[in-house]
Amino acid sequence: LTARFDNSLGNAEWLLGHDHISSDYEYNATALQQTQRDWYTQFGQNFGHDVTLTLGYRSSEADDNNKGEQRKHRDREGSSSIGLSWQANQQTRVFIKREDVLRWANVNENNPAYLLPGIDFLKPQTGESWESGIEWDDGTQRYQASLYRLDLTNELMYDPVTYANVNLEKTRRDGLLLEAERQLSERLNIRGQYSFVDAEYRAGTFKGNDVPGVARHNASIQLGYRLLPGLNTQLEAVYTGAQYLSGDDTHTEPREGGYTLLNAALTYDYKQFNSKLRVNNLTGKQYDSYANPYGRYPAPEEQVQLSVGYRF
């Protein structure tokens with residue numbers, strides 16, 4: 001539900017919503033059920049034409065039920081957000097925002113077969129995020145640079161050493177994100193993104209060590225071309241940097257080397273009809289979608305996806 005109105009300060013917008021998600025999971029004799037209920041609201045206030053303040057709050061509740069072992073658990077968490085944006089001039093915008101982070105363990109992550117002894121249900125992953133940046137946009141080209149810090153408590157992850165889903169010690173991610181896009185001609189456009197993240201443990205046995213399974217460097221570039229009205233094509237390259245194997249908290253193994261994937265897509269839109277053909281990993285690059293010191297899960301070499309939709 002969204003309401004837009006004017007007041008003595010300027011334009012305002014108020015949003016109210018509710019999410020209700022029920023999930024069931026069965027594995028051999030294990031039967032799990034989870035229900036998530038969220039109420040959320042967001043209020044945005046413009047101060048003149050230059051400054052916008054955004055406030056948000058979410059009340060979240062999760063019910064977990066292990067029907068096989070007759071165990072139930074209910075937990076509640078509240079999270080808030082605040083953001084401030086300043087339109088310095090027609091092209092330049094500066095922003096800063098702070099928000100709480102929340103993720104409940106998925107229903108299958110609470111499978112007793114993959115929990116440590118003494119753990120009936122995993123704790124929710126919570127944290128605090130700060131982000132600030134600057135954006136420049138003149139309608140033809142757009143550039144954005146932002147810095148962020150993400151502190152997590154009870155981060156959810158699978159530990160290949162203990163073969164269990166666990167809550168990690170406190171972690172921190174400090175990062176830089178650069179984005180750019182430009183309309184090169186009436187038909188041709190280009191966009192790119194680069195991110196750097198320094199992820200490390202900030203408590204516990206591995207304090208100061210990098211969090212495994214997190215690449216420091218990631219980048220992508222996309223080139224788009226309009227063949228005909230409604231018919232567009234895109235070619236992209238996606239780079240994932242080197243990272244420690246998942247579960248290698250002590251860094252006994254060297255970082256896994258990075259890799260680059262080439263993807264292509266063709267989209268067609270006509271009135272209410274839309275379709276998309278996408279081919280991932282054009283060159284058949286061999287890489288692992290997940291790897292730890294004890295095993296690897298190879299990713300598909302070539303992958304073709306076709307989707308068709310109609311808007312009523």
Side-chain angles (χ1 to χ4, degrees), residues 2 10-13 15 40 42-56 58 79-103 127-152 171-200 211 214-226 232-243 258 260-265 267 276 278:
T2 303
N11 299 327
E13 180 177 290
L15 169 70
Y40 55 90
Q42 181 173 286
F43 178 76
Q45 176 67 59
N46 292 330
F47 296 90
H49 300 288
D50 302 330
V51 178
T52 302
L53 175 67
T54 304
L55 302 171
R58 176 182 291 264
S79 55
S80 62
S81 65
I82 180 171
L84 189 65
S85 174
W86 174 46
Q87 195 71 38
N89 55 46
Q90 190 173 358
Q91 294 83 26
T92 309
R93 182 176 70 95
V94 181
F95 61 90
I96 183 171
K97 61 182 178 180
R98 179 264 177 208
E99 60 184 2
D100 293 320
V101 178
L102 171 65
R103 182 174 92 79
E128 181 182 48
S129 170
W130 284 89
E131 182 182 2
S132 63
I134 183 170
E135 179 189 42
W136 191 88
D137 187 346
D138 68 353
T140 301
Q141 53 194 334
R142 187 185 74 87
Y143 306 97
Q144 180 173 312
S146 55
L147 296 169
Y148 69 87
R149 166 166 287 183
L150 173 62
D151 286 336
L152 293 177
T171 60
R172 168 170 290 173
R173 288 164 172 80
D174 290 323
L176 164 70
L177 179 62
L178 302 176
E179 300 175 273
E181 58 181 283
R182 181 181 176 87
Q183 194 71 32
L184 299 176
S185 68
E186 185 180 353
R187 294 189 173 193
L188 184 65
N189 67 81
I190 188 171
R191 65 178 59 186
Q193 183 182 89
Y194 166 77
S195 67
F196 169 83
V197 58
D198 179 20
E200 65 176 40
V211 178
V214 180
R216 283 198 166 197
H217 303 279
N218 291 276
S220 66
I221 186 169
Q222 300 95 26
L223 192 65
Y225 186 75
R226 180 168 59 86
N232 298 276
T233 184
Q234 183 185 78
L235 180 67
E236 69 175 358
V238 181
Y239 170 76
T240 301
Q243 56 192 284
T260 301
L261 302 178
L262 294 177
N263 310 314
T267 61
K276 183 175 184 179
R278 181 178 175 87

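Computed from a predicted structure; not experimentally measured.
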Taking only residues two or more places apart in sequence or in another chain, which ones pass side-chain hydrogen bond (donor to acceptor under 3.5 Å, both in side chains) with Gln45? Asn7

Side chains of Thr52 and Leu84 in contact at under 4.5 Å (non-hydrogen atoms): no

For the atom pair OH (Tyr239) and CG (Leu261), what is the distance rounded to the nearest 0.5 Å? 11.5 Å

In Å and rounded to the nearest 0.5 Å, what is the OG to OH distance from Ser195 to Tyr148? 6.0 Å

What residues form a ring-ring contact (aromatic ring centres under 6.0 Å, His included) with Phe196, not counting sequence neighbours? His217

Would Ser146 and Phe95 count as a side-chain contact (heavy atoms from CB on, under 4.5 Å) here? Give the steps. CA-CA 9 Å; Ser146 55; Phe95 61 90; 4.1 Å; yes

Does the side chain of Val238 come within less than 4.5 Å of Ile221's, by heavy atoms? no

Please identify each residue that fulfils side chain to side chain contact (heavy atoms under 4.5 Å, CB included) with Thr240, with sequence neighbours left out. Ala215, Asn218, Gln243, Tyr259

Measuring only between side-chain heavy atoms, which start at C-beta, is Glu131 closer than 4.5 Å to Leu147? no

For Leu188, check side chain to side chain contact (heavy atoms under 4.5 Å, CB included) against everything at least two apart and list the hits. Leu184, Ser185, Leu223, Tyr225

Suppose we screen for side-chain hydrogen bond (donor to acceptor under 3.5 Å, both in side chains). Which residues come up paired with Thr92, at least two apart in sequence or across chains? Asn89

State which residues pass salt bridge (charged side-chain N to carboxylate O under 4.0 Å, His left out) with Arg187; sequence neighbours excluded, sorted by chain then number. none

Does anything in residues 80-96 form a salt bridge (Lys or Arg N to Asp or Glu O under 4.0 Å)? List the pairs, not counting sequence neighbours. Arg93-Glu135

Compare all side-chain heavy atoms of Gln183 with those of Thr140 and state whether any distance is below 4.5 angstrom. yes

Residues in side-chain hydrogen bond (donor to acceptor under 3.5 Å, both in side chains) contact with Asn263, at least two apart in sequence or another chain: Glu236

Distance from Asn189 atom CG to Asn232 atom CG, nearest 0.5 Å? 8.5 Å

When rounded to the nearest 0.5 angstrom, what distance separates CH2 in Trp130 from NZ in Lys97? 12.5 Å

Please enumerate all residues that pass side chain to side chain contact (heavy atoms under 4.5 Å, CB included) together with Leu178, with sequence neighbours excluded. Ala145, Leu176, Tyr194

All side-chain hydrogen bond (donor to acceptor under 3.5 Å, both in side chains) counterparts of Tyr143, not counting sequence neighbours: Gln141

Less than 4.5 Å apart, any side-chain heavy atom of Arg142 and any of Arg191? no

Is the side chain of Asp151 donor-acceptor paired with the backbone N or O of Arg172 at a distance under 3.5 Å, no angle test? no

Got a second to check how far Asn46's CG is from Thr54's OG1, nearest 0.5 Å? 8.5 Å

When rounded to the nearest 0.5 angstrom, what is the spacing between CH2 in Trp86 and CD1 in Ile134? 9.0 Å

From CA spacing to verdict: side-chain contact (heavy atoms from CB on, under 4.5 Å), Gln91, Asp138: CA-CA 5 Å; Gln91 294 83 26; Asp138 68 353; 3.9 Å; yes

Of all heavy-atom pairs between Ser129 and Val101, which one has the smallest distance, and what is that distance? CB-CG2, 4.0 Å

For Leu262 against Ala237, the heavy-atom pair lying closest together: CD2-CB, 3.6 Å

Does Arg98 come within less than 4.0 Å of Glu128, counting only side-chain N to carboxylate O? yes

Residue set satisfying side chain to side chain contact (heavy atoms under 4.5 Å, CB included) with Val214, at least two apart, ordered chain then number -> Arg173, Val197, Ala199, Val211

Residues in salt bridge (charged side-chain N to carboxylate O under 4.0 Å, His left out) contact with Arg58, at least two apart in sequence or another chain: Asp19, Asp38

Side-chain heavy-atom pair Thr2, Glu13 within 4.5 angstrom cut-off: yes

